[in-house]
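Below is the structure I would like to discuss, written out as structure tokens.
For the single chain, residues carry numbers from 1 onward in sequence order. Everything numeric in this text was worked out from a predicted model, so none of it was measured.
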Amino acid sequence: QVQLVESGGGLVQAGGSLRLSCTSSGSSFSLFNMGWFHQAPGTARELVAAIDWTGETTYYGGFVKGRFTISRDNAKNTVYLQMNSLKPEETAAYYCAGRRSFSIATEEGQYNYWGQGTQVTVSS
């Protein structure tokens, strides 16, 4: 059984930065494609960023525009999301997701495992 635990959320002013972490308790993390999604109340869950199992291929939502970086450390079973220049409209719960596959996943339905989420609040 794979469990994903996010951390690093919090309150930040507009233009500030946060780094989210997601640690997996299961084995074979290095074979998992990982993604970060966010969801504001009343809206659909949206892909923020994804990274393949090698860490060499990444994908970002169109709104990111070079401000965020996804990375992973397979030795620590952890994936990170560095978020810079945060905007108030990016206030949301941020979820880590994983799936065991050799191809990167960009759709919510492609992921098998989800964390509980961590709240990010960006004040104006």
Side-chain angles (χ1 to χ4, degrees):
Q1 183 71 13
V2 175
Q3 289 188 322
L4 303 175
V5 179
E6 303 98 335
S7 61
L11 175 64
V12 64
Q13 288 188 332
S17 299
L18 281 175
R19 187 175 83 152
L20 305 183
S21 300
C22 171
T23 300
S24 170
S25 63
S27 59
S28 304
F29 174 79
S30 60
L31 300 179
F32 274 68
N33 290 281
M34 302 298 295
W36 285 98
F37 290 76
H38 68 189
Q39 185 173 26
T43 69
R45 197 168 290 188
E46 179 181 29
L47 178 73
V48 178
I51 189 167
D52 77 340
W53 64 287
T54 69
E56 295 177 354
T57 302
T58 57
Y59 179 92
Y60 295 93
F63 64 92
V64 170
K65 299 187 187 305
R67 298 178 296 123
F68 298 176
T69 302
I70 188 171
S71 61
R72 66 190 298 157
D73 184 340
N74 287 343
K76 296 182 178 179
N77 282 11
T78 301
V79 62
Y80 305 97
L81 181 67
Q82 176 67 44
M83 303 187 293
N84 300 326
S85 301
L86 281 160
K87 304 175 182 180
E89 55 264 38
E90 290 166 337
T91 293
Y94 282 70
Y95 297 91
C96 172
R99 77 166 195 162
R100 184 168 178 168
S101 171
F102 290 121
S103 59
I104 197 168
T106 61
E107 300 293 330
E108 179 182 0
Q110 294 176 296
Y111 287 89
N112 308 111
Y113 303 100
W114 291 86
Q116 293 297 310
T118 186
Q119 180 66 34
V120 171
T121 302
V122 185
S123 64
S124 56

**Message:** Would the distance check show the side chain of Tyr94 and the main-chain N or O of Gly9 forming a donor-acceptor pair, the cut-off being under 3.5 Å?
**Reply:** no
**Asked** If only atom types and distance count, is the side chain of Arg99 paired as donor or acceptor with the main-chain N or O of Asn33 below 3.5 Å?
**Response** no
**Item:** Value rounded to 0.5 Å, distance of CD in Gln13 from CG in Leu11
**Value:**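 Reported value, rounded in 0.5 Å steps: 8.0 Å.
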**Message:** Could you tell me if the side chain of Leu47 sits less than 4.5 Å from the side chain of Tyr59, heavy atoms only?
**Reply:** yes
**Prompt:** Any chance the rings of Phe29 and Trp53 have centres within less than 6.0 Å?
**Reply:** no
**Asked** With distance as the sole test, does Gln110 use its side chain to make a donor-acceptor pair with the main-chain N or O of Thr106 at under 3.5 Å?
**Response**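 Present.
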**Asked** Of all heavy-atom pairs between Ser25 and Gln1, which one has the smallest distance, and what is that distance?
**Response** OG-O, 4.5 Å
**Asked** Is there a donor-acceptor pair closer than 3.5 Å between any side-chain N or O of Thr78 and the backbone N or O of Lys76?
**Response**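 Pair found, side chain donor or acceptor close to backbone of Lys76.
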**Prompt:** Given Asn77 and Ser24, is the side chain to side chain donor-acceptor pair (under 3.5 Å) satisfied, shown in steps?
**Reply:** CA-CA 5 Å; Asn77 282 11; Ser24 170; 4.9 Å; no
**Request:** Looking only at non-hydrogen atoms, find the nearest pair between Cys22 and Leu4 and report the distance.
**Result:**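 Residues Cys22 and Leu4, closest heavy atoms: SG-CB, 3.8 Å.
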**Message:** Just so I know, are the side chains of Thr69 and Leu81 near enough to count as touching, which here means a heavy-atom distance under 4.5 Å?
**Reply:** no
**Request:** From the options Thr23, Leu20, Thr118, select the one residue that forms a side chain to side chain contact (heavy atoms under 4.5 Å, CB included) with Glu6.
**Result:**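 Result for side chain to side chain contact (heavy atoms under 4.5 Å, CB included) with Glu6: Thr118.
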**Asked** Say you draw a straight line from CD of Glu90 to CD of Glu46; how long is it, rounded to the nearest 0.5 Å?
**Response**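 So the gap between those two atoms works out to 9.0 Å.
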**Prompt:** Heavy atoms, side chains only, cut-off 4.5 Å: are Arg100 and Ser28 in contact?
**Reply:**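 Touching, per the 4.5 Å side-chain cut-off.
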**Request:** Mind telling me whether Phe37 and Tyr111 have parallel, tilted or perpendicular rings, with 30° and 60° as the class edges?
**Result:**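 Ring orientation of Tyr111 relative to Phe37: perpendicular.
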**Message:** So that I know where these two stand, are Trp36 and Tyr95 an aromatic pair - ring centroids less than 6.0 Å apart?
**Reply:** no
